[in-house]
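Everything numeric in this text was worked out from a predicted model, so none of it was measured. Naming convention: chains lettered A, B, ... in sequence-line order (proteins, then strands); numbering from 1 in each chain.
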2 protein chains.
Amino acid sequence: MELAEAKLKFIEAWGKLGSEWGINRTMAQVHALLMVSPEALTTEEVMAELSISRGNANMTLRDLIDWGLVEKQHKTGERKEFFFAEKDTWVIARRVAEERKKRELDPVLKILGQLTEIQGDEKDPAFKTFKTSVTDINKLAKNVNNTLETMLKAEESWFFGSIFKIFK
Amino acid sequence: MELAEAKLKFIEAWGKLGSEWGINRTMAQVHALLMVSPEALTTEEVMAELSISRGNANMTLRDLIDWGLVEKQHKTGERKEFFFAEKDTWVIARRVAEERKKRELDPVLKILGQLTEIQGDEKDPAFKTFKTSVTDINKLAKNVNNTLETMLKAEESWFFGSIFKIFK
DNA sequence: AATGTTTTTCATTTATTTTTGAAAGTTTAA
DNA sequence: TTAAACTTTCAAAAATAAATGAAAAACATT
């Protein structure tokens, strides 16, 4: 397999995975492209490599910067902006976990917390089932939350070292 | 807050979370509805509660059955089919993890495995960066895979007990 | 086997998400 | 200050995903 072909496969696979996990396919593809590029790329280059429009490239790059996965670079003597991706997988995993926790898990935890407070007739099966289910889901969500928080504080070695051993 | 109101909030929150994670909103809502229902429901009831069409209800319920999150029930003397959800959060988490691993992680692992095999000029920065990035991502993916596999084999107490302690 | 009941299918419609591209906005340097 | 280089915005278009509903199929009852 040639490098060019492998690159395309990687970009495609990353894009697909992203879209299955609620991340815009193009965003995942731009991320993949920058991940395997030794040099920072210009908007023009991203547009050309992935055949996407200027507007799309610009918005996608900004989103990636918001996620903390891509940074702008300015080269002396150049007017253009260059973009490059964080390449340390541990940092990437942390950034994604952090961002999704903040955007998705935290709001759900808040609602679940409210819903577990509900008062009602303990003899009513509808009430009892609701309470039990919501309480259980809340427990699960809290557990996931604790796990994530610990992970976010942890060191890379923890993830690639000790956890691996515990789990293997 | 009333039960009816709380139920709606829960269904809404679950639907939103689902859609953010690549799961059809309606599917997550039907799941939420069945989770908090003490009795198994008919298609008609699901349609009425969520104001969705017969076709949608039918397909969604089938998908939930495919995911192992919902089961059909036949009541003696009744022609209609009844549907009820698995309510044990540990079982739910496992089923979802299992299914997504199979559908999404496994294919990606396969491709990454192929891509790490690529041969090329070690002095070419484009090649070196590709190889390094793909190898690192492959490591991360394998690590996630190991973690999931261990989780899938584990007991509930492991998740709600020991892990919690390790992480707290 | 004819009839009423329930479930499934799927072509079409509707809703949502993503992309485009041209115009407006910014920045830089002569 | 002006003009070219570059970036951002956003209304409209295109692509994609999801939902509808009527018809067909499957099923059960007499």
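Of the candidates C:dT18, C:dG21, D:dC10, the closest approach to any side-chain atom of A:Thr26 belongs to C:dT18. With C:dG21, D:dT7, D:dT8 as the candidates, the nucleotide lying closest to the side chain of A:Ser53 is C:dG21. Comparing D:dT20, C:dT6, C:dT19 by their closest approach to the side chain of B:Lys80 singles out C:dT6.
Spacing between atom CZ of B:Arg62 and atom C1' of D:dA19 amounts to 15 Å, rounded to whole angstrom units. Between A:Met47 atom CE and C:dT20 atom P there is a gap of 9 Å when expressed in whole angstrom units. Look at CD1 on B:Ile23: it is 15 Å from C1' on D:dA17, rounded to the nearest Å. One atom, CD of A:Gln29, and another, P of C:dT18, lie 13 Å apart when rounded to the nearest Å. Atom P of nucleotide C:dT6 and atom CD of B:Glu81 are separated by 11 Å, given to the nearest angstrom. The CG-C1' distance, from A:Asp63 to C:dT17, rounds to 13 Å in whole Å. Summarising the geometry, the separation between CE on A:Met59 and P on C:dT17 is reported as 14 Å, rounded to the nearest angstrom.
In terms of phosphate contacts, B:Asn58 brings no side-chain nitrogen or oxygen within less than 4.0 Å of OP1 or OP2 of D:dT20.
Between B:Leu64 and B:Phe83 the shortest side-chain heavy-atom distance does not fall below 4.5 Å. In this structure the side chain of A:Gln73 never reaches within 4.5 angstrom of the side chain of A:Glu81, judged on heavy atoms.
Between the side chain of A:Lys131 and the main chain of A:Ile118, a donor-acceptor pair closer than 3.5 Å is present.
Within 3.5 Å, a donor on the side chain of A:Arg79 pairs with an acceptor on the base of D:dA5, or the reverse.
Counting any heavy atom pair closer than 4.0 Å across all strands shown, B:Arg54 reaches a base atom.
Contact detail for A:Arg100 and B:Glu20: the closest heavy-atom pair is NH2-O, 2.6 Å.
Place A:Ala57 and B:Arg25 on DNA chain C by their nearest nucleotides, and B:Arg25 ends up nearer the 5' end.
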